[in-house]
Amino acid sequence: MSTEGKERVITTRKLLEMKRRGERISMLTAYDYTMARIIDEAGIDVILVGDSAANVMAGHETTLPITLDQMIYHAQSVARAVSNPLVVVDMPFGTYQGNPVEAVSSAIRIMKEAEADALKVEGGYEVMDSIVKILSTGIPVMGHLGLTPQSIHKFGTYAVRAKESAEAERLLADARALQEAGCFALVLEKIPAELAERVAKELEIPVIGIGAGGGVDGQVLVFHDMVGLNNEFSPRFLRRYLNLHDEILNAVKLYIDDIKEGDFPGPDEQY
Ligand code: KIV
């Protein structure tokens with residue numbers, strides 16, 4: 001299912017049209033070819049190659065260690081698999097902050113080498129120079145405000161953000177500025193539902209929430225959390241649709257038992 005040279009069915013323009021007609025946007029992370037194919041087949045609108053790969057694929061505590069080369073590897077695997085959803089790739093920590101020139105070269109590498117459709121960048125005014133520079137090259141950018149995991153060492157906690165009015169006002173100002181700069185969509189992570197709804201109502205661009213309530217234009221979850229692969233992570237906003245941790249655990253135990261008992265392979269499972 002190669003997509004080389006083809007535009008995917010969902011475009012940034014289509015997402016804008018979905019918001020205008022009140023159609024909710026579905027978004028899920030993926031990091032590899034096999035899962036991305038299944039997620040595409042299910043009909044998802046947007047796949048995010050999230051830097052959460054640092055946590056769920058590589059076992060890091062934070063998203064900070066993942067490199068540009070590693071993100072490109074994940075993005076290539078996903079982009080190769082899908083033909084319908086828009087493929088958005090996270091710019092990893094350290095590839096865009098404080099240096100717009102480096103931001104552009106990182107962005108161009110991801111777009112060229114991974115055949116992504118768009119990039120996601122965490123932060124507001126503090127990274128605006130980099131966002132404006134990336135946008136000036138014609139690369140679509142999705143913003144990300146609220147809980148921004150790349151800044152975990154600044155905040156020191158993964159608790160709900162923007163509960164106080166000063167931070168809520170700053171978030172609103174950042175959201176307006178990101179739209180004004182030309183971002184095509186915005187992720188809001190772990191903020192009060194009322195504030196998220198206010199942002200979604202005020203902005204023309206789609207606002208996708210994670211832990212931001214139902215008053216926004218779409219929802220995103222981390223794939224591994226949503227299918228229950230990771231049973232140590234249970235925030236209130238997470239709805240688990242499967243318990244794959246237990247399913248896989250039981251399957252592997254059965255496999256081990258079958259080998260130990262000499263039951264596998266059976267007569268029909270050999271040449
Ligand atoms: O990296 C990621 O998975 C994300 C989502 C949580 C939005 O940024």
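Values reported hereafter were calculated over all heavy atoms of this structure, with side chains retained and with hydrogens, waters and symmetry mates removed. What you see is a predicted model; the values in this text were computed from it and never measured.
- Within 6.0 Å of CD on Glu180 lie no more than 12 heavy atoms contributed by other residues, nucleotides or ligands.
- The shortest distance between side-chain heavy atoms of Thr63 and Phe93 does not fall below 4.5 Å.
- Ile110 CD1 to Met91 CE: the interatomic distance, rounded to the nearest 0.5 Å, is 5.0 Å.
- Using modelled atom types, one side-chain atom of Thr137 and one backbone atom of Ile134 make a donor-acceptor pair closer than 3.5 Å.
- Under the 4.5 Å side-chain criterion, counting only non-hydrogen atoms from C-beta, Leu86 is not in contact with Arg8.
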key: Test side chain to side chain contact (heavy atoms under 4.5 Å, CB included) applied to Ile39 and Val82, step by step   = CA-CA 9 Å; Ile39 294 167; Val82 309; over 6 Å; no

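- Side chain to side chain, Gln150 and Gln97 meet the donor-acceptor criterion of an N or O pair below 3.5 Å.
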inquiry  = Quick one, Ile10 with Asn84, criterion side chain to side chain contact (heavy atoms under 4.5 Å, CB included). Give me CA distance, side-chain angles, the key distance, then yes/no.
reply    = CA-CA 6 Å; Ile10 307 290; Asn84 189 66; 4.0 Å; yes

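- Cluster membership for Met226 and Val46, using ILVMFWY side-chain heavy atoms within less than 4.5 angstrom, is shared.
- There is no path of hydrophobic side-chain contacts, each under 4.5 Å, that joins Leu147 to Leu195.
- Using a 4.5 Å heavy-atom threshold, the side chains of Glu122 and Glu189 count as separate.
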Verdict with reasoning, Arg198 to Glu194, per salt bridge (charged side-chain N to carboxylate O under 4.0 Å, His left out) = CA-CA 6 Å; Arg198 196 173 149 203; Glu194 207 178 304; over 6 Å; no

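- Of all heavy-atom pairs spanning Pro85 and Ile44, the tightest one is CB-O, 3.5 Å.
- Salt-bridge annotation for Glu102 and Arg109: absent, with no side-chain N of the basic residue lying under 4.0 Å from a carboxylate O of the acidic one.
- Between Leu171 and Ala162, the shortest heavy-atom distance links the atoms CD1-CB, 4.2 Å.
- In this structure, NE2 in His74 is found 11.5 Å from CG in Asp90, a value given to the nearest 0.5 Å.
- When all heavy atoms of Arg37 and Ala81 are compared, the pair lying nearest together is CG-CB, 3.6 Å.
- With hydrogens and angles disregarded, a donor-acceptor distance shorter than 3.5 Å links the side chain of Ser106 to the backbone of Thr95.
- Here the closest non-hydrogen pair linking Ser130 and Gly98 is OG-N, 4.3 Å.
- For the atom pair CD (Glu204) and CD (Gln179), the distance works out to 5.5 Å, reported to the nearest 0.5 Å.
- With hydrophobic clusters built from ILVMFWY side chains whose heavy atoms lie under 4.5 angstrom apart, Leu238 shares a cluster with Leu242.
- Centroid-to-centroid, the aromatic rings of His224 and Tyr31 come within less than 6.0 Å.
- With hydrogens and angles disregarded, no donor-acceptor distance shorter than 3.5 Å links the side chain of Asp45 to the backbone of Met27.
- Connection of Val88 to Val222 is not established within any shared hydrophobic cluster, with ILVMFWY side chains joined at heavy-atom distances below 4.5 Å, either directly or through further cluster members.
- Here the side chain of Gln76 pairs a donor or acceptor atom with the backbone of Glu113 at under 3.5 angstrom.
- Atoms CG and CG, from Asn231 and Asp246 in turn, are 6.5 Å apart once rounded to the nearest 0.5 Å.
- Using a 4.5 Å cut-off between side-chain heavy atoms of Ile, Leu, Val, Met, Phe, Trp and Tyr, with links allowed through other members, Ile139 and Leu15 fall into the same hydrophobic cluster.
- Within 6.0 Å of CZ on Phe237 lie more than 12 heavy atoms contributed by other residues, nucleotides or ligands.
- Residues Asp225 and Asn230 bring a donor and an acceptor atom of their side chains to less than 3.5 Å of each other.
- Considering CD1 of Ile256 and CZ of Phe264, their distance stands at 13.0 Å, rounded to 0.5 Å.
- Using a 4.5 Å cut-off on side-chain heavy atoms (C-beta onward), Ile66 and His60 make no contact.
- Under a 3.5 Å cut-off, the side chain of Asp117 and the backbone N or O of Val87 do form a donor-acceptor pair.
- With Glu167 contributing its side chain and Arg161 its backbone, the two residues share no donor-acceptor pair below 3.5 Å.
- Proximity of a side-chain donor or acceptor of Asp40 to a complementary backbone N or O of Ala36 within less than 3.5 Å is not detected.
- Of all heavy-atom pairs between Gln219 and Gly213, the closest is NE2-O, 2.9 Å.
- In this structure, Thr29 contributes its side chain and Leu48 its backbone to no donor-acceptor pair below 3.5 Å.
- Contact between Ala79 and Glu115 at its shortest, heavy atoms only, is CB-O, 3.8 Å.
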Working for side chain to side chain contact (heavy atoms under 4.5 Å, CB included), residues Leu203 and Leu186 = CA-CA 9 Å; Leu203 296 195; Leu186 174 64; 3.9 Å; yes

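- Using a 4.5 Å heavy-atom cutoff, the side chains of Leu178 and Met128 are in contact.
- Using a 4.5 Å heavy-atom cutoff, the side chains of Thr62 and Tyr158 are in contact.
- In this structure, the side chain of Glu126 engages the main chain of Gly124 through a donor-acceptor pair within 3.5 Å.
- Taking CG of Leu254 as the reference point, atom CG of Leu249 lies at 10.0 Å (rounded to 0.5 Å).
- Remark: Arg24 CZ is loosely packed, at most 12 non-hydrogen atoms of other residues, nucleotides or ligands lying under 6.0 Å away.
- A heavy-atom distance below 4.5 Å is not found between the side chains of Lys19 and Ile205.
- A distance-only check finds a donor-acceptor pair linking the side chain of Thr67 to the backbone of Gln70 [under 3.5 Å].
- Residues Lys14 and Glu17 are in side-chain contact: their nearest non-hydrogen atoms beyond the backbone lie under 4.5 Å apart.
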